Amino acid sequence: SLSFIATPNSKPNWIYFKNPSLIDPTTIFFSYGSYLGLSADDAMILTKQETDNFGITHTRYEQNYKNLKVEGCQFIVHSRNSKSYSANGNICKNLNLSSIPLINISTALMHAKTYLNATTYMWEDSLAELNLRKITNNANATYYPSIELMFVLNNPDLPVLPSNYTLAYKINVYMKNPSGAKIIYVNANDGSILKETSLLYTCTPSVNNPMTLFSGNKPLNTNYALNTISGQMEYQLNNLCKGNGIVTNYFNNNRYYGRN
């Protein structure tokens with residue numbers, strides 16, 4: 001169980017290790033995966049490692065199940081000098097889903113296009129394709145949809161539980177008429193649309209009017225977004241509509257949002 005490596009005040013999504021010197025951040029899931037709820041079909045893939053201004057290294061993993069990404073399931077191990085002191089994130093335990101789609105990529109894209117019902121798509125415009133290659137200095141650049149088969153959380157408001165996941169195609173679609181860009185999630189079993197996410201910021205953040213400590217009620221701009229650690233939707237104190245954006249970070253200059 002988790003108690004073998006974690007202190008009594010630990011929780012499944014926020015762990016404090018009993019003996020940091022025994023927990024190597026690069027091999028933790030090989031050594032202790034079963035204690036963290038991983039099965040033989042699960043794998044934690046290292047995606048990023050960075051060290052902050054305080055010398056704390058944050059090693060980020062994402063969960064794969066049967067070699068496919070599990071949306072909203074990431075785990076970050078916090079260490080110093082290869083000694084891991086804590087970790088936080090989500091692991092979806094006890095998944096029992098097929099990884100074999102019943103529709104192919106072409107059919108999934110057809111369902112996405114039918115749902116969007118655009119007149120023209122960016123990859124159908126040869127001039128737009130040419131300009132993209134010039135701008136990116138990449139002869140292979142294209143607006144043609146990138147498509148990934150993965151296990152998708154049916155709704156971002158739902159908790160990270162096996163019953164809330166579906167095998168689906170994640171499809172990035174760029175439209176010319178009407179103009180727009182969206183991620184469409186197509187059920188890989190029946191072609192139904194599970195959900196959509198805009199790839200473009202609309203610059204219409206939610207405006208709240210909370211009570212401040214010294215200045216009374218003041219309007220604050222927030223955005224309602226998926227917390228990739230908790231797998232839940234939450235309001236974040238970010239304003240991406242001014243200049244290069246204003247992002248609220250934690251004390252160690254990172255964006256690893258957590259919950260109290």
Side-chain angles (χ1 to χ4, degrees), residues 45 47-48 60 62-74 89-90 92 95 97 99 101-125 128-129 132 135-136 138 140-160 164-206 222-236 238 240-241 245 247 255 257:
I45 308 301
T47 59
K48 189 176 182 180
R60 180 185 293 268
E62 65 179 26
Q63 183 181 0
N64 280 19
Y65 175 72
K66 295 181 178 178
N67 296 316
L68 297 176
K69 185 186 297 183
V70 181
E71 184 185 41
C73 289
Q74 298 182 346
N90 277 324
C92 188
L95 276 168
L97 295 171
S99 61
L102 299 183
I103 65 172
N104 60 28
I105 288 176
S106 298
T107 302
L109 179 57
M110 179 191 69
H111 283 293
K113 290 175 67 177
T114 299
Y115 171 76
L116 291 169
N117 196 30
T119 303
T120 312
Y121 296 90
M122 290 295 288
W123 68 90
E124 297 171 338
D125 186 326
E129 289 278 274
L132 178 64
I135 292 169
T136 60
N138 181 356
N140 297 317
T142 180
Y143 285 110
Y144 191 82
S146 61
I147 304 177
E148 180 182 9
L149 183 65
M150 62 190 299
F151 293 102
V152 171
L153 195 59
N154 298 330
N155 185 308
D157 292 327
L158 296 174
V160 175
N164 295 330
Y165 277 87
T166 300
L167 182 67
Y169 290 101
K170 176 185 177 183
I171 307 178
N172 292 8
V173 183
Y174 294 87
M175 298 169 285
K176 181 180 180 181
N177 187 17
S179 177
K182 293 185 177 183
I183 303 174
I184 306 298
Y185 296 85
V186 180
N187 189 317
N189 297 314
D190 60 17
S192 61
I193 306 301
L194 288 174
K195 59 183 180 180
E196 67 171 78
T197 302
S198 177
L199 284 166
L200 304 176
Y201 290 111
T202 60
C203 282
T204 55
S206 302
T222 62
N223 63 296
Y224 192 52
L226 176 67
N227 182 323
T228 57
I229 302 303
S230 68
Q232 305 293 315
M233 294 296 288
E234 63 180 25
Y235 287 98
Q236 299 172 355
N238 299 335
L240 303 175
C241 304
V247 177
R255 300 184 191 180
Y257 297 101

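Everything numeric in this text was worked out from a predicted model, so none of it was measured.
For the side-chain contact (heavy atoms from CB on, under 4.5 Å) test with V173, the passing option among Y115, Y121, Y144 is Y121; the others fail. For the side-chain hydrogen bond (donor to acceptor under 3.5 Å, both in side chains) test with Q74, the passing option among K69, Q63, R60 is R60; the others fail.
Between D190 and S192, the side chains place a donor N or O and an acceptor N or O closer than 3.5 Å (distance only, hydrogens not considered). For T166 and N187, the side-chain atoms include no donor-acceptor pair closer than 3.5 Å.
For the atom pair CD1 of I193 and CD1 of I171, the computed distance is 7.5 Å after rounding to the nearest 0.5 Å. Taking OH of Y143 as the start and OH of Y174 as the end, the distance is 8.0 Å to the nearest 0.5 Å. From D157, atom CG reaches atom CG of N164 across 11.0 Å, with rounding to the nearest 0.5 Å. Taking CD of E148 as the reference point, atom CD1 of I105 lies at 10.5 Å (rounded to 0.5 Å). For the atom pair T119 OG1 and M175 CE, the distance stands at 10.5 Å (nearest 0.5 Å). Note that CD1 of I183 and CD of E196 are 10.5 Å apart. Values are rounded to the nearest 0.5 Å.
Considering only heavy atoms from C-beta on, N154 stays 4.5 Å or farther from K195 through its side chain. The side-chain heavy atoms of K113 and L109, taken from C-beta on, include a pair separated by under 4.5 Å. In this structure, the side chains of P145 and W123 come closer than 4.5 Å at one or more pairs of heavy atoms. Using a 4.5 Å heavy-atom threshold, the side chains of M122 and L132 count as separate.
The environment of NZ in K182 is sparse: at most 12 heavy-atom neighbours from other residues, nucleotides or ligands sit within 6.0 Å. Within a 6.0 Å sphere centred on CG of N67, heavy atoms belonging to other residues, nucleotides or ligands number 12 at most.
Across all their heavy atoms, L95 and V70 have their closest contact at CD1-CG2, 4.0 Å. Across all non-hydrogen atoms, the minimal contact from A168 to V152 is CB-CG2, 3.7 Å. Scanning both residues, C92 and V160, for their nearest heavy atoms gives CB-CG1, 3.6 Å. The minimum heavy-atom distance between A141 and T136, with the atom names listed, is CB-OG1, 3.4 Å. Contact detail for I103 and G191: the closest heavy-atom pair is CD1-CA, 3.7 Å. Between A112 and V186, the shortest heavy-atom contact is CB-CG2, 4.2 Å.
The backbone N or O of E71 lies less than 3.5 Å from a partner atom in the side chain of Y165, making a donor-acceptor pair. A side-chain donor-acceptor contact under 3.5 Å links K66 to the backbone of L97.
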